[in-house]
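A short write-up of the structure that comes next.
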Amino acid sequence: MGCCSSTARTTAGSRKKLPEVSWHCGVNYCHGLEVEGIPLDRYLEHFSGLGRPEQHQVVTKVVEEASTSAASGARAGVCHTRTAKIGLLSWNVGGISDHRKDQGAGLEEAVQGAAAEVLSAAVADLGPADVIVVGLQEIISLTPSNAMKGTSSANESRKNKSFYGWPETVAQWVELLAGGLNGQSSVSQDHPAYVLYGQPVYLFGLLLCVFCPASMLKHIRDFGMAEKPLDQKWKSGAKGAVACRFVLWDRSFCFLNCHLAATTATSAKSSLRTFKQRLQQLEQCWNEIKFKSHVNQMVYPVSAHRAIFLLGDTNMRLVNNYNCHQACQDFHSYTTNAIGDAEAGYRELWELDQLTQELSKPDQPSISERPLSGCLTGQLSEGILKNWQEPLVDENLGPPFPPTFKLAVPGPGYSRKRVPAWTDRVLFRSDHAEPAKYGSVMQSKVLKPPRNLSDHDPVYAFFNVECTSIHPRRLGSLAREVRKASMGLDERKSQPPAATRRFPSTQQAQQAALASGSMAAHEEEFSRRLSERLSELEDPSDTAAASWLLQECQEECWMLLCRRLEFSLNDSIRPGLDLNWFEDVPGEREAYQELDAEELAKSLQEVMNTLRRDLVQNTKPKMSKSSSTVVSL
């Protein structure tokens, strides 16, 4: 089942560890079904009040209805399946001339117009989408002086609580992205205007933004942000990742925008070292990036999401194969010549691409027909990219567009300083996402006269993601039906005759009193009614918030009640009157005490009367749907 890991972390101000969501044993069981981004079985376990067998019955029924909904396309009783259109765009803008020698930030007006043209061309290729996620790299110059500043969305939010309290360069790029995505008269009834959702996530030169039509804002929930610096020297984010998550139509999404370690030398040894470093950085992102949900107070690692996308400058390079080097002394010339022959040339270069080789290595046959020598020989970080895919379509074995790096600026063409490579990529990990488009925007073909703004061309990808929405009220009704049927079976079970009943021994009574999981029938019935009341809420976030608040209040009330009962018990215990039969037991005379039952009953009656008076005097609790909090308890 989807479960909470025991390694859940404790956040500042909390008294206990927050539960960590995991799918490691529940994907097949729940068929990937979620409620507000929480695995279905985990949601039932945490919020329904059902026992494990009853939870299993509900999951089985919902899975059956989900299959019916997916096959017919119609609304079933509990589930409704629809497709989310997700567009991704990644661009390393580090080559743009923007006063970097002075401050490493800012954008010239002339450059802004040209950049907006490139972005508009990418949106035109993508087509209408429900969500467009844009990841930029090197929005400021990666210099040591800028690295010392440590600019990040977390740091800036502490300094300035204003929604627009972003650094100047971030604000400029957000405005530029919004204009570019809505430029060239692309706004129409079929293609509405895109607006920024949430806040931009930024770390040094990295920026991640989520855009969607205004009509989609009400469907996206539980937005979260995370940052992960990966540069070992400064820990500034010169190399690193920024990430965000949200829930759309009950499907959990996670997006990572990364800039990985670059290759600084041409030797095979250096290439191998930096390749290993990049794989380790990807593993760090997978294991260490986590989000805290402010809706349900749970911790979501990257792996807890059902649709995960990675985009950015991976810095993966082409391998200078030994045979190729013998055939052509100038590897750069060999590469550019192969690029000119798109059909056969791309296939030759795919066999030399580090990421393509790594993705094809674990579970699929190698794309290379001959053994490769060079920097990829040997066992390297096996399994790091297992289950990751590149959004290849039309049976391609590698990126179906020209290498995106390193372009000459202003160009056109490739720079002689580096061998061309597919450094800018998109990867995904999901059983519910189907790639539809994967390409790049060649700046030299968009801009007139032909030129390059950056030494990287932007890349884009388009996905159709299956989302199965679960109606919370209907799910609650189904849970109540299962619960009622289960209670009916329990009531039909024969009860033992009164003559055969025995009072428990003292030891048994103590064990029963101390058992934390036991409840009387009326207590269980009250808990069931409370769960039903919560499940009637329209918004699942209200249900989650109220459940957590009620649970905390219950724990606090139980602690106070136990202390009050302890006082009553202590007041009713007194020394025993007849101690003669303890004379043969050394040391027991002082320990002997007896209970004044009348005094204890009187004291407990006072406690109950006080609680009853408070219950009568207090008004009926009201629950706020707008703020997702309990107004009064």
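Bear in mind the structure is a predicted one, so any value in this text is a computation, not a measurement. What's counted below: heavy atoms across the whole structure, side chains too, no hydrogens, waters or symmetry copies. Throughout, residue positions are numbered sequentially from 1 according to the sequence presented.
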Keeping Asn452 on the side-chain end and Val409 on the backbone end, is there a donor-acceptor pair under 3.5 Å? no
Between Phe401 and Tyr438 (judged by ring centroids, cut-off 6.0 Å), do the two rings come close enough to count as a pair? yes
Could you work out, with ring pair (Phe, Tyr, Trp, His ring centres under 6.0 Å) as the rule, every residue matching Phe428, not counting sequence neighbours? Phe463
So if I apply the side-chain hydrogen bond (donor to acceptor under 3.5 Å, both in side chains) rule between Thr263 and each of Arg278, Gln277, Gln354, which one comes out positive? Arg278
Evaluate the side-chain proximity of Val118 to Trp91: yes if any heavy-atom separation is below 4.5 Å, no if none is. yes
Is the distance between the ring centroids of Phe211 and Tyr197 under 6.0 Å? no
Looking at Glu34 and Arg306, is any side-chain nitrogen of the basic one under 4.0 Å from a carboxylate oxygen of the acidic one? no
With sequence neighbours excluded, residues passing side-chain contact (heavy atoms from CB on, under 4.5 Å) with Asp125: Val441, Tyr460
For Leu311, what residues pass the side-chain contact (heavy atoms from CB on, under 4.5 Å) criterion, not counting sequence neighbours? Ser90, Val426
Is it true that Arg82 and Glu466 make a salt bridge, defined as a side-chain N closer than 4.0 Å to a carboxylate O? no
Can you label the angle between the His305 ring and the Phe291 ring as parallel, tilted or perpendicular, going by 30° and 60°? perpendicular
Side-chain (Glu65) to main-chain (Val78) donor-acceptor, under 3.5 angstrom: yes
Residues passing the side-chain contact (heavy atoms from CB on, under 4.5 Å) test with Glu175, sequence neighbours excluded, are none
Arg245 charged N/C atom sitting above Tyr300 aromatic ring, 6.0 Å / 45°: yes
Any pair counted as salt bridge (charged side-chain N to carboxylate O under 4.0 Å, His left out), so long as it reaches residues 421-430, sequence neighbours left out: Asp353-Arg425, Glu390-Arg425
Under 30°, 30 to 60°, or over 60°: which ring-plane class applies to Trp422 and Trp350, parallel, tilted or perpendicular? tilted
Residues pairing under salt bridge (charged side-chain N to carboxylate O under 4.0 Å, His left out) where one sits in residues 399-411, two or more places apart or in two chains, turn out to be Lys406-Asp455
Using ring centroids (six-membered ring only for Trp), state whether His219 and Phe246 fall under 6.0 Å. no
